[in-house]
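Data block below; observations after.
Note that the coordinates shown come from a computational prediction; the quantities given were computed from them, not determined experimentally. Only heavy atoms go into these numbers, but all of them, side chains included; no hydrogens, no water, no symmetry mates. Both ligands and their constituent atoms are indexed starting at 1 by order of listing.
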Amino acid sequence: MSSLNAPPTGTLHALHNQWPQATSVDDFRANLAAVRARIAAACQRVGRDPAGVRLLPVSKTKPEAILRLAHAAGCQMLGENKPQEAHRKWESMRDLPDLQWSVIGHLQTNKAKLVAQFASEFQALDSLRVAEALDRRLQAEGRGLDVFVQVNTSGEDSKYGLAPGDVAAFLRELPAFSSLRVKGLMTLAMLSAEAERVRTCFVQLRGLRDRLRHDVPAGVALDALSMGMSGDFEIAIEEGATVVRVGQAIFGARATPDSHYWPTAEAARA
Ligand SMILES: *Cc1c(COP(=O)(O)O)cnc(C)c1O
């Protein structure tokens, strides 16, 4: 199985069917090892320590039984795009106390209550209304949450995330929400088969982080860069990613098109 997860030549967005479904703990071990080897190779190309890159396996659309296999293979944090799907999975897997959840998709204020209950990390913060709603619910739960500010680096209109020029002012407001621990920035690259266009998005996020990190408000950290998915994580690592969010290369291809998760995906691919 791992031979089918061979390194990409450019990006793999056009090759979704190359990812076979993982259906056993051994499949997950092999896929995780293959992805980790690719992470290590990308780090080596640019002189980075692989310990500086966290692999976040993304389990969206996959059923609970499959998630349990991934956990048995060593996945202790899983990324989910949809708050309700994540909440449902958390509830049915509470017998695994060491399993943590990262919500990586857009959140509406009326779902903040769900996320505040169970998530360890939220990677798609892009409005003060959501920050306020999350903080209020987290205070009520007596919990804190690691957050990433999502930035729209592709310039695609309906993609979620703040415009790069709005991030500095946004960060200045966040210390008011004491249960949110700001860790860094997150982006989705443009879904393109052209590696260099994808790379531009990652370069932009790192540049923004480098410009802003020295005068962030007290309590806000801007060390982490969450960027890169199955089709482009090696490029992201070359450009400084500290978290890569990898679904299909670990779990197998998804039937649900990406346009279900971010509105312009199909248009951008064309
Ligand atoms: C689904 C998803 C990913 C992972 O995509 P793959 O192609 O499965 O690797 C990464 N980030 C976000 C925000 C996602 O929704």
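Close contacts between ligand 1 and R254 involve ligand atoms 1 (C), 5 (O), 6 (P), 7 (O), 8 (O) [criterion: under 4.0 Å to a heavy atom]. Below 4.0 Å from some heavy atom of N81 lie the following atoms of ligand 1, by number and element: 14 (C), 15 (O). Each of the following atoms of ligand 1 lies closer than 4.0 Å to a heavy atom of V246: 9 (O).
Pairs of residues two or more places apart, or lying in two chains, never qualify as salt bridge (Lys or Arg N to Asp or Glu O under 4.0 Å) while including a residue from residues 240-253.
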For residues 207-216, please give each side-chain donor-acceptor pair under 3.5 Å, one per line with the distance, not counting sequence neighbours.
{"unit_1": "R209", "atom_1": "NH1", "unit_2": "D223", "atom_2": "O", "d": "2.8"}
{"unit_1": "R211", "atom_1": "NH1", "unit_2": "G207", "atom_2": "O", "d": "3.4"}
{"unit_1": "R213", "atom_1": "NH2", "unit_2": "D223", "atom_2": "OD1", "d": "2.9"}

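The N/O atoms of Y261, backbone and side chain alike, include none that comes under 3.5 Å of an N/O atom in ligand 1. Annotation: G247 places an N or O atom under 3.5 Å from an N or O atom of ligand 1; distance criterion only.
Between the OG1 atom of T242 and the CD1 atom of I237 there is a distance of 10.0 Å, given to the nearest 0.5 Å.
Considering M186, R245, M227 only, the shortest heavy-atom separation from atom 4 (C) of ligand 1 involves R245. Taking only non-hydrogen atoms, the option from G105, G252, A249, S230 nearest to atom 6 (P) of ligand 1 is S230.
Using 4.0 Å as the threshold, Q123 has no heavy atom nearer than that to any atom of ligand 1.
The number of heavy atoms from other shown groups lying within 6.0 Å of NZ (K82) is above 12.
Counting heavy atoms from C-beta on, the side chains of L55 and F233 never come closer than 4.5 Å.
In this structure, F118 and W90 have parallel ring planes: the angle between them is below the 30° cut-off, well short of the 60° mark.
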